[in-house]
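Note on naming: letters A, B, ... go to the chains in the order of the sequence lines (proteins, then strands), and numbering restarts at 1 for each one. Values in this document were obtained by computation on a predicted structure and should not be read as measured data.
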Amino acid sequence: MSLRIYSTLSRTKEEFKPVKPGQVSMYLCGPTVYKPAHIGHMVGPVIFDTIKRYLSYLGYKTTWVVNITDVDDKLIVKANELGTTVEALAKKMTDDYLDNLRTLGVTVGPDGIDHMPYATQYIAEMQNIISGLIAKGYAYPLNGDVYFECCRDEDYGKLSGRKLDEMLAGTRAETMDGKHNPADFALWKGSKPGEPAWDSPWGPGRPGWHIECSAMSQKLLGDTIDIHGGGLDLMFPHHENEMAQSESFTGKCFCNFWMHNGLLRKSSAGGKIGGDHSRHGDSAEASADMMAVKQAQEEQKLAGSKGAESVKTAVFAKFDPETVRFFLMATHYRSPVDFGDDRLEETAKSIEGFYRLIETFGRITGADFYSLSASTTRAKTPSLDGEPAAFFSELKSLRDRYYDCMDDDFNTGGAVGVLFDLRKAINGFIASAKLESEGKSNAANIAALTTAMTLLKELSNILGVFRQPLAKKASGSGDDEFVNGIMRLVIDLRAALRKEKNWPLSDKIRNDLTALKVVLEDRPDGTTWKRG
RNA sequence: GGCUCCGUAGCCAAGCGGCUAAGGCAGUGGAUUGCAAAUCCGCCACCCCCGGUUCGAAUCCGGGCGGAGCCUCCA
């Protein structure tokens, strides 16, 4: 089974073949850093982080670039508004962005984003491309600006499926501004006084939106890259234009696999409004003022400039980052996703069992799941031949299913399903081998359990989940000696009551503790507690 | 209006021509438990509608209905 990737260009899944054997170059369009990051900005990086992990797992030496756009109209406007400089604003928002990425397990470095170039550091490269495009007749200067002439690029529109002449039909004349063609877009923008500006052959100015990605990907990854990613909303015009520029300049294919991730939508207040979603199709509502509807849609869209809350306040205050990451992994990257509290709550509930299994594993073996050393490459994955044979062969087939999913256009949703099945298999093994009670000293079974848990770690590492304990702590790990001491006392006293079969009192203790968000669980070998 | 994409159980969701349509949440029957919790074993889908291609379709094609995104420097 070999890796297949859906390419936006061909609208089909194609077998993945890198330009250079054994190596993969990957470029993801990063943010314009003019406002705090919202959760929608995190989707691409999280998905591509997993893609890189899997490519690395397959043995590819993967180089991943995510750019930072630190010069842009919006940045200028916002900085003026706030009475600060573009540089200072960009710095602050970049830090916010990176901070949130780190929280979600995406780092800058060999295990994550390899290069994070800033647009302002590649002005010379951009100017070089612009000059080249003018020389080749693909671009023309106009009043201090430089425009790319779309109709000179024969296959312009091939990514988004647009035809140039169709696009022109509905265009208003006033958008022309002397451009040869309304679709022509700026490679270079002459600056007004007070705006950030760089000297250029066409006068002081700043780069257009698309040229930075062309320049940076070429400089850092070469003329033809393997994978280029971004949100679906960037397909047009950004990626279309980016590709048009780059290919016109180099005369080579710019990118072999275009990958676009679906966008997040903020789900409506959920059940809180009326509960029954199916009622929204009322014909009375259908006649509502279209503008109002359009407006409402705007607000729902996370990417809209208005109303989007920062990740920290909107999400991380309420949900563990691992829950968020798991949620993103549970659906296919190309699908649009409703993002809302009720969905995250469901996810949190669904993954609790993994954390419980991890605790159980610790109780049985004394080992720490998070310290297990799991293989990070498919080539070095354990053979999984062992006893009991039935259990091992189940592990093996689950792993194969996981591979099949990931090989099929990074089907993380299917892979997540495998993780749940793996959990069930391990729990079943623990139960049938009675590892929590009389089977505790069976060394072979303990070893089998450890192998299985190591496999769980190996497979969840690729998705970037279960890398650390939840903030919600298990017994004794997050509280001070005082609390732990009190809890030990309470549990001991209750154990004595239970021995006397004083059920009313021992149940009262457990129930009252539940009200305090402390959960007691009675097991054959004693009672454990944790904060719930 | 043009260009894309989607429509699988109460909800979320995988599935990409062929064994009994993954998995999660909710619900439900049982095992286990002093009772719980957790865990395990079960149950829970006429794949939006209508045609067509095929020995065979949730999967391919045509039409319809419904939804989403883009066409506006939004990831």
Rounded distance in Å between the P positions of B:A13 and B:G69: 15 Å

Taking any heavy-atom pair under 4.0 Å as a contact, classify A:Gly208: base, sugar-phosphate, or nothing. nothing

If you check every side-chain atom of A:Asp522, which of B:A75, B:G34, B:A38 has the closest atom? B:G34

Under the side chain to side chain contact (heavy atoms under 4.5 Å, CB included) rule, what do A:Leu398 and A:Lys424 come out as? Steps first, then yes or no, please. CA-CA 11 Å; A:Leu398 286 169; A:Lys424 192 183 284 187; over 6 Å; no

Rounded to whole Å, how long is the line connecting atom CE of A:Met235 with atom P of B:C5? 8 Å

So what does A:Gly231 hit on the nucleic acid, given a heavy-atom distance under 4.0 Å: a base, only sugar-phosphate, or nothing? sugar-phosphate

Using atom C1' of each nucleotide, how far apart are B:G17 and B:A57 to the nearest Å? 6 Å

Any strand is fair game: report the nucleotide pairing with B:G10 by Watson-Crick or G-U wobble, both distances under 3.5 Å, or none. B:C25

Can you tell me, in whole Å, how much space there is between the P of B:C70 and that of B:C11? 26 Å

With sequence neighbours excluded, what pairs up with A:Asp145 under the side-chain hydrogen bond (donor to acceptor under 3.5 Å, both in side chains) test? A:Tyr147

Watson-Crick or G-U wobble mate for B:C3, both contacts under 3.5 Å: B:G69

Separation of the C1' atoms in B:G42 and B:A68, to the nearest angstrom: 38 Å

For nucleotides 6-18 of chain B, 5' to 3', base contacts (B), sugar-phosphate-only contacts (S) and non-contacts (-) with protein non-hydrogen atoms under 4.0 Å give ------S-SSB--

Sort out the partner of B:U39 for me: Watson-Crick or G-U wobble, both distances under 3.5 Å, none otherwise. B:A31

Across all chains, not counting sequence neighbours, the side-chain hydrogen bond (donor to acceptor under 3.5 Å, both in side chains) partners of A:Asp73 are A:Lys189, A:Arg206

Starting at CG of A:Leu497 and ending at P of B:A36, how long is that distance when rounded to a whole Å? 20 Å

A side-chain contact here means heavy atoms from C-beta on lying under 4.5 Å apart; do A:Ser432 and A:Phe391 qualify? no

Looking only at atom P, what distance separates B:A58 and B:C16, rounded to whole Å? 13 Å

Would you indicate what A:Leu357 reaches in the nucleic acid, counting non-hydrogen atoms under 4.0 angstrom: base, sugar-phosphate, or nothing? nothing

Non-neighbouring partners of A:Thr360 that pass side-chain hydrogen bond (donor to acceptor under 3.5 Å, both in side chains), sequence neighbours left out: A:Arg363

Residue met sooner reading RNA chain B from 5', once A:Ser160 and A:Leu520 are mapped to nucleotides: A:Ser160

Nucleotide forming a Watson-Crick or wobble pair with B:U54, both distances under 3.5 Å: none

Under the ring pair (Phe, Tyr, Trp, His ring centres under 6.0 Å) test, residues paired with A:Phe327 that sit two or more places apart: A:Phe339

Report all interatomic pairs (protein N or O, nucleotide N or O of nucleotides 27-29 of chain B) with separations under 3.5 Å.
none

With sequence neighbours left out, the residues meeting ring pair (Phe, Tyr, Trp, His ring centres under 6.0 Å) with A:Phe420 are A:Phe326, A:Phe354

Identify the residue among A:Phe410, A:Tyr27, A:Phe16 that makes a ring pair (Phe, Tyr, Trp, His ring centres under 6.0 Å) with A:Phe257. A:Phe16

Euclidean distance for P, B:U39 against B:G24 (whole angstrom): 11 Å

All ring pair (Phe, Tyr, Trp, His ring centres under 6.0 Å) counterparts of A:His239, not counting sequence neighbours: A:His228, A:Trp258, A:His260

Is A:Lys349 touching bases, backbone alone, or none of the nucleic acid, heavy atoms closer than 4.0 Å? sugar-phosphate

Do A:Val106 and A:Met42 come within less than 4.5 Å of each other through their side chains, counting heavy atoms only? no

Just jot down the ring pair (Phe, Tyr, Trp, His ring centres under 6.0 Å) partners of A:Trp64, sequence neighbours excluded, or say none. none

B:G62 and B:C55: how far apart are their C1' atoms, nearest whole angstrom? 23 Å

What I want to check is whether an N or O donor and acceptor connect the side chain of A:Arg356 with the base of B:A38 at under 3.5 Å. no

Those residues of residues 418-431 of chain A lying under 4.0 Å from RNA chain B by at least one heavy atom: A:Phe420, A:Asp421, A:Lys424, A:Asn427, A:Gly428

Any pair counted as ring pair (Phe, Tyr, Trp, His ring centres under 6.0 Å), so long as it reaches residues 497-516 of chain A, sequence neighbours left out: none

Using only modelled atom types and a 3.5 angstrom limit, is any donor from either the side chain of A:Arg498 or the base of B:G34 paired with an acceptor on the other? yes

What is the separation between atom CZ on A:Arg523 and atom C1' on B:A36, rounded to the nearest whole Å? 13 Å

Starting from P on B:G69, measure out to CG on A:Asp233 and report it in whole angstrom. 11 Å

Does A:Arg401 or A:Thr360 map to a spot on RNA chain B nearer the 5' end, using the closest nucleotide for each? A:Arg401

Confirm from the modelled atom types if A:Arg510 and B:C35 form a donor-acceptor pair under 3.5 Å, side chain to base only. yes

A:Asn241 CG - B:C71 P separation (whole Å): 12 Å

Between B:U20 and B:G7, how many Å separate the two C1' atoms, rounded to a whole number? 25 Å

How far does OG1 of A:Thr528 sit from CD1 of A:Ile491, to the nearest 0.5 angstrom? 7.5 Å

From B:G34, B:G2, B:G69, pick the nucleotide closest to the side chain of A:Arg162? B:G2

Without placing hydrogens or testing angles, list every side-chain donor-acceptor pair under 3.5 Å for residues 210-217 of chain A, not counting sequence neighbours.
residue  : atom : partner  : partner atom : Å
A:His210 : ND1  : A:His238 : ND1          : 2.9
A:His210 : NE2  : A:Asn241 : ND2          : 3.0
A:Glu212 : OE1  : A:Thr69  : OG1          : 3.3
A:Glu212 : OE2  : A:Asn67  : ND2          : 2.9
A:Glu212 : OE2  : A:Thr69  : OG1          : 2.6
A:Ser214 : OG   : A:Glu242 : O            : 3.2
A:Ser214 : OG   : A:Gln245 : OE1          : 2.8
A:Ser214 : OG   : A:Ser246 : OG           : 2.9
A:Ser217 : OG   : A:Cys213 : O            : 3.1

